[in-house]
Amino acid sequence: MEKLENLLSTAIKEAFVAVFETGIDEKQIQLQKTRKEFEGDVTLVVFPFLRVTKKGPEQSGEAIGEHLKSNSDLVIGYNVVKGFLNLEINSIYWSGFLNEIAEIENFGFEAVNSKDRVMVEYSSPNTNKPLHLGHLRNNFLGNSVARILKANGHEVVKVQIINDRGIHICKSMVAWQKYGNGETPISTGLKGDKLVGNYYVKFDQVYKEQIAALVAEGKTEEEAKKQAPLIIEAQEMLLKWESGDEAINELWRTMNSWVYKGFESTYATMGVDFDKLYYESDTYLIGKDKVQEHMDTDSFYEKEDGSIWINLEADKLDNKLLLRSDGTSVYITQDIGTAIIREEEFACKNYYYVVGNEQDYHFNVLALILQKMGFNWAKGIEHLSYGMVDLPSGKMKSREGTVVDADDLMLEMKTTAKEISEELGKLEDMESVEKETLFWSIGLGALKYFILKVDPKKRMLFDPKESVDFNGNTGPFIQYTYARVKSILRKSNFKGGALDFSNAAVDVEDVNVIKKLYDFPEVINESAALKSPAIIANYTYELVKVFNHFYQNTPPIMKEENEAIRNLRLTICAKTAQVISNGMYLLGIDVPERM
RNA sequence: GGCCCCGUAGUUCAAUUGAAUAGAAUAUCAGAUUUCGGCUCUGACGGUUACAGGUUUGAAUCCUGUCGGGGUCACCA
């Protein structure tokens with residue numbers, strides 16, 4: 001079936017020729033949904049055409065409306081308010097549309113791999129501490145964006161780069177070596193990432209004490225920071241690691257393996273995964289090579305001390321260090337190398353980096369450097385910059401102990417889901433294993449939805465009290481609606497499929513839901529274009545609200561005797577359930593059959 | 001200080017990227033149901049879109065300035 005917008009556009013163009021004897025530019029046609037306080041379904045904004053019609057907005061609207069009404073089967077009525085022509089659409093269009101999508105399994109999704117291959121990088125943690133609330137936003141966004149792009153027809157490669165080397169990793173290692181007494185995840189019963197994280201904290205404590213002691217001896221703060229024995233040990237360890245010292249490398253492998261095991265479990269709980277992992281320890285040398293290979297690049301230069309720089313002043317950016325005077329690489333060098341390897345391996349059209357907005361500058365520089373090095377594909381690099389997550393108490397600060405741990409938070413959400421569900425007591429006959437799965441999907445549903453419904457670009461506030469609310473614009477509210485719809489479908493024994501309800505008298509309540517369903521494909525397009533799961537989240541909530549209204553104000557469907565109407569309404573239920581399910585899938589949220 | 005982002009009901013978020021009387025949720029108050037899951041539905045209350053100018057038929061949205069908040073300017077990542 002042809003899209004309503006296209007059919008109307010054609011009819012409107014014809015109307016202008018017939019009424020005003022003039023052609024119009026299709027791009028000028030602005031169709032929008034009619035606001036609910038006015039009669040009609042679709043509204044044409046007539047302001048842009050006044051120059052052509054040489055009449056006032058009301059008069060122009062009237063003339064076009066009248067012509068459409070008498071010449072198009074689609075338009076059965078119209079009214080003009082100021083410069084807005086509100087058109088009433090024949091309900092046959094809507095029931096026909098419903099009939100057409102009845103049997104489409106993934107309505108709204110484009111054919112698999114019908115569009116360019118793209119890469120989404122997300123998570124990319126350091127291996128010296130556990131994942132926290134900020135990582136949750138990152139992972140939920142990355143995973144959801146990957147699903148949305150895939151639904152939109154792209155082939156998607158999900159990757160992360162694990163920052164597994166460097167001075168910060170050595171800090172945990174030194175602290176463990178000195179104060180760890182041989183502790184392991186097994187001996188302590190701690191998750192590996194938590195154990196290693198504790199030593200990262202330990203390092204910082206001792207380091208601070210040493211600084212304080214040195215300052216007390218009369219050193220300046222700056223001197224003390226450089227001379228504290230612990231930091232010197234960490235730096236020496238890094239040098240040993242880089243030179244391949246076997247004992248240090250062994251320790252490094254061991255401690256990282258603890259962390260990976262911990263991360264694996266956190267990712268499993270989050271419900272995210274990756275197609276390929278990159279490790280900084282593998283790629284950091286490649287970046288160095290690539291920089292040296294491209295030394296002839298315009299605006300690369302070497303200082304007297306041997307350090308390598310790029311001058312980006314012509315592009316209103318700074319001078320940026322690429323290689324240290326000792327020849328080692330810095331953060332951006334590593335990213336240059338990784339980007340080049342990825343292009344060689346996957347040749348994607350776009351490379352999306354889900355990274356916080358504190359790195360906006362870094363990614364501007366990265367894309368620019370790669371372009372200067374002559375890589376045309378670097379134009380496809382896009383930083384999916386998201387805002388930071390604040391707590392009611394302010395910013396998360398590890399030093400002040402206000403960091404919200406990812407595992408703890410997810411568990412807390414699940415526990416709350418359990419308490420609320422058990423209080424309602426509708427699950428007595430459910431197996432306990434099944435209940436566990438359910439509580440996780442409700443708890444995580446609440447959390448993911450809470451985070452994803454906010455525009456990624458914006459900074460957001462995470463209030464734990466509000467996030468466990470299950471009413472209003474929340475994940476569990478949507479899940480609950482889904483469970484109710486499924487309950488109707490089960491009880492009415494509805495099989496679905498193509499049913500003839502062309503003779504059914506379609507009610508406004510029916511049409512309102514169908515119109516909302518109609519929007520789904522466009523919503524996916526838009527969210528894919530903007531890389532914004534929030535658009536899916538808000539749409540799904542609107543659909544649920546429209547459906548609940550329909551459900552409340554429609555006589556019991558199962559008791560409906562007119563078969564055509566019954567089939568129509570059950571089809572509405574079935575498609576609503578499916579779109580809710582698919583929408584929530586795009587957010588990484590499961591929907592339960594019962595709850 | 002230079003550069004970048006952001007200021008919308010008490011609070012948390014929307015607003016099809018320039019259109020109609022700026023919408024939801026929450027909180028507070030008032031209601032609905034012989035009904036398929038009351039974790040439902042309907043109302044009321046709540047706004048000078050930080051402020052001041054400008055562009056436009058039309059501005060929360062674009063431009064300029066002011067104030068306020070955040071980020072970033074490392075031979076850290």
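The structure presented is a predicted model; accordingly, all values stated were derived computationally and were not measured. Just so it is clear: chains get the letters A, B, ... in the order the sequence lines come, proteins before strands, and each one is counted from 1.
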Q.
Quiz question: by atom type and distance under 3.5 Å, do the side chains of Y331(A) and Q359(A) form a donor-acceptor pair?
A. yes
(Q) Please tell me if K545(A) has a side-chain N or O lying less than 4.0 Å from either OP1 or OP2 of A14(B). (A) no
(Q) Counting the atoms with a prime plus P, OP1 and OP2 as sugar-phosphate, which does Q479(A) contact under 4.0 Å by heavy atoms, base, sugar-phosphate, or nothing? (A) nothing
Q. Using the C1' atom in both, what is the distance from A59(B) to G46(B), to the nearest Å?
A. 24 Å
Q: Give me the ring orientation class for Y539(A) and F520(A): parallel if the planes are under 30° apart, tilted from 30 to 60°, perpendicular past 60°.
A: parallel
Q. So do L277(A) and Q160(A) actually touch side chain to side chain, heavy atoms under 4.5 Å?
A. yes
Q. So, F547(A) versus F550(A), ring centres under 6.0 angstrom or not?
A. yes
Q) For the base of A74(B), is there a side-chain donor-acceptor partner from D318(A) under 3.5 Å away? A) no
Q: Please check the phosphate of C39(B) (OP1 and OP2 only) for any side-chain N or O of K426(A) closer than 4.0 Å.
A: yes
Q: Could you pick out which residue, F38(A) or S325(A), lies toward the 5' side of RNA chain B when each is mapped onto its nearest nucleotide?
A: F38(A)
Q: Determine which nucleotide pairs with A74(B), using a 3.5 Å limit on both distances of a Watson-Crick or G-U wobble pair.
A: none
(Q) OP1 or OP2 of A77(B) versus the side-chain N and O atoms of N126(A): is any pair under 4.0 Å? (A) no
Q | Separation of atom CD in E509(A) from atom P in U42(B), rounded to whole Å | A | 9 Å
Q.
If you compare every side-chain N and O of K316(A) against the phosphate oxygens of G2(B) (OP1, OP2), does one of them come in below 4.0 Å?
A. no
Q. What is the distance from NZ of K395(A) to C1' of C6(B), rounded to the nearest Å?
A. 15 Å
Q) Is the shortest side-chain N/O distance from H549(A) to OP1 or OP2 of U42(B) below 4.0 Å? A) yes
